Amino acid sequence: MSDQREITIDISMYPLREEYIAPIDRFIELVNGDSALKVVTTPTSTIVQGPTLVAMAAVQSALLQCYDEFGRAVFVVKYIPDYRALD
């Protein structure tokens with residue numbers, strides 16, 4: 001597999017706590033930290049597009065950091081290889 005392949009990741013986060021806005025905002029902030037990625041937030045999900053290895057690493061890192069900061073959450077994720085939803 002070429003590390004130049006693109007992926008689109010559509011991810012929704014559902015924190016398991018009453019105050020759910022801060023963890024979602026933090027997740028979006030963390031995923032936006034890599035300039036190699038295109039990130040668009042909609043009312044129901046965040047769409048991350050970019051090189052597969054970079055996008056997967058960014059989502060994984062954001063998920064783990066939010067888990068450390070806020071505790072558990074449910075993530076619903078769609079991975080769409082070789083698709084550029086944001087172009």
Side-chain angles (χ1 to χ4, degrees):
M1 177 179 91
S2 168
D3 53 344
Q4 297 302 314
R5 290 181 122 172
E6 293 279 316
I7 194 167
T8 295
I9 303 170
D10 186 331
I11 186 164
S12 299
M13 178 184 188
Y14 301 94
L16 300 176
R17 57 187 288 157
E18 285 187 42
E19 295 181 19
Y20 58 89
I21 297 295
I24 293 170
D25 285 346
R26 179 70 172 140
F27 181 83
I28 293 167
E29 174 189 355
L30 291 167
V31 170
N32 269 297
D34 193 317
S35 63
L37 301 174
K38 292 181 183 177
V39 179
V40 172
T41 301
T42 72
T44 58
S45 68
T46 298
I47 301 166
V48 179
Q49 178 186 300
T52 299
L53 297 177
V54 175
M56 297 286 281
V59 168
Q60 178 183 14
S61 177
L63 184 149
L64 292 172
Q65 188 159 341
C66 284
Y67 180 71
D68 287 344
E69 292 179 20
F70 300 105
R72 295 183 314 150
V74 173
F75 290 85
V76 177
V77 185
K78 295 178 217 164
Y79 298 98
I80 311 165
D82 294 323
Y83 180 67
R84 300 169 70 119
L86 301 178
D87 287 348

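In what follows, every heavy atom counts, from backbone to side chain, and hydrogens, waters and symmetry copies are set aside. Source: prediction; values computed, not measured.
Screening residues 39-58 for salt bridge (Lys or Arg N to Asp or Glu O under 4.0 Å) gives no qualifying pairs among residues at least two apart or on separate chains. Counting only residues at least two apart or in different chains, ring pair (Phe, Tyr, Trp, His ring centres under 6.0 Å) contacts with residues 31-54 are absent. Screening residues 41-61 for ring pair (Phe, Tyr, Trp, His ring centres under 6.0 Å) gives no qualifying pairs among residues at least two apart or on separate chains. Residues in residues 44-61 take part in no salt bridge (Lys or Arg N to Asp or Glu O under 4.0 Å) pair, two or more places apart or across chains. Applying the side-chain hydrogen bond (donor to acceptor under 3.5 Å, both in side chains) test to every pair with at least one member in residues 18-28, sequence neighbours left out, gives these pairs: Arg26-Glu29, Arg26-Glu69.
Aromatic rings of Phe27 and Phe75 (six-membered ring for Trp) have centroids within the 6.0 Å cut-off, being under it.
Taking all atoms of both residues into account, the shortest heavy-atom contact from Met13 to Ile24 is O-CD1, 3.7 Å. In terms of heavy atoms, Ala73 sits closest to Pro15 at CB-CA, 3.6 Å.
The ring pair (Phe, Tyr, Trp, His ring centres under 6.0 Å) search around Tyr14 returns none, not counting sequence neighbours. Scored by the salt bridge (charged side-chain N to carboxylate O under 4.0 Å, His left out) test, Asp68 finds no partners at all (sequence neighbours excluded). Scanning for side chain to side chain donor-acceptor pair (under 3.5 Å) contacts around Arg72 gives an empty result, with sequence neighbours left out. Applying the side chain to side chain contact (heavy atoms under 4.5 Å, CB included) criterion to Ala85, with sequence neighbours excluded, gives Thr8, Gln49, Tyr83. Among residues two or more places apart in sequence or in another chain, the side chain to side chain contact (heavy atoms under 4.5 Å, CB included) test is passed with Tyr79 by Ile7, Ile9, Met56, Val77.
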Under 3.5 Å, sequence neighbours excluded: what are the donor-acceptor pairs made by side chains of residues 31-39?
residue	atom	partner	partner atom	Å
Asn32	ND2	Ile28	O	2.9
Asp34	OD1	Ala36	N	2.8
Lys38	NZ	Asp87	OD1	2.5

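Linking ILVMFWY side-chain heavy atoms closer than 4.5 Å, directly or via other members, places Tyr67 and Val59 in two distinct hydrophobic clusters.
When hydrophobic residues (I, L, V, M, F, W, Y) are linked wherever their side-chain heavy atoms come within less than 4.5 Å, the members clustered with Ile47 are Val40, Leu86.
For the pair Cys66 and Leu30, the minimum side-chain heavy-atom distance is below 4.5 Å. Annotation: side chain of Arg17 is in contact with side chain of Pro23 (closest heavy-atom distance under 4.5 Å).
Here Thr52 contributes atom OG1 and Glu6 contributes atom CD; the two are 7.0 Å apart, rounded to the nearest 0.5 Å.
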